[in-house]
Amino acid sequence: MNAGTVSPSPSPAPGHPRRTAADRAASAGLAVTVLVAGFFTGVIGPLIAIACGSCQDGVRGPLRFDGALIAVARYAVPLVTLGTVAGVFASRRCGRVAGAGLGVLAALLVTMLVLGRFTA
């Protein structure tokens, strides 16, 4: 190694530029968006699913698929949310990962709304 050519840090591989501060800020913004959507889907979604405007107490009667509704809200939504947030920070294509995760969260919300409509 030549004494005059010491580089302070290794250069990135060709075709893979380093992440800039704007890239990191975009990743953080997407992660916050996914967390808010996951909170809405996991907490507010089941309440909307069992709400009933014409029922006496405002809640739909005994549900046929109450176990499935709780399982989706308790297990599937947090796993998708945390997996998407991890993918946003780990991937170079954080927009695609966040978009896919938000799409899955939307599908889980629709699933919970459908499950909440069936009474026993």
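- Residues that satisfy the side-chain contact (heavy atoms from CB on, under 4.5 Å) test with A68, not counting sequence neighbours, are F65, L115.
- In this structure, G45 and L109 approach most closely via the heavy-atom pair CA-CD1, 3.7 Å.
- Hydrophobic clustering (side-chain heavy atoms under 4.5 Å, transitive across Ile, Leu, Val, Met, Phe, Trp, Tyr) keeps V97 apart from L108.
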Counting only pairs under 3.5 Å, give me each side-chain donor-acceptor contact of residues 73-91, with atom names and distances, residues two or more places apart or in other chains.
| unit_1 | atom_1 | unit_2 | atom_2 | d |
| --- | --- | --- | --- | --- |
| T81 | OG1 | V77 | O | 2.8 |
| T84 | OG1 | V80 | O | 2.7 |
| S91 | OG | R93 | N | 3.0 |

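- The side-chain contact (heavy atoms from CB on, under 4.5 Å) with M112 is formed by just one residue from the set I70, I50, L47, T41; it is T41.
- R60 places a side-chain N or O within donor-acceptor distance of the main-chain N or O of G116, the cut-off being under 3.5 Å.
- For I44, the side-chain contact (heavy atoms from CB on, under 4.5 Å) test picks out F40, I48, with sequence neighbours left out.
- Here CG of L30 is found 14.0 Å from CZ of R96. Values are rounded to the nearest 0.5 Å.
- Remark: S54 pairs with no residue by the side chain to side chain donor-acceptor pair (under 3.5 Å) rule, at least two apart or across chains.
- Among residues two or more places apart in sequence or in another chain, the side chain to side chain donor-acceptor pair (under 3.5 Å) test is passed with D66 by none.
- Not counting sequence neighbours, the partners of V43 by the side-chain contact (heavy atoms from CB on, under 4.5 Å) test are F39.
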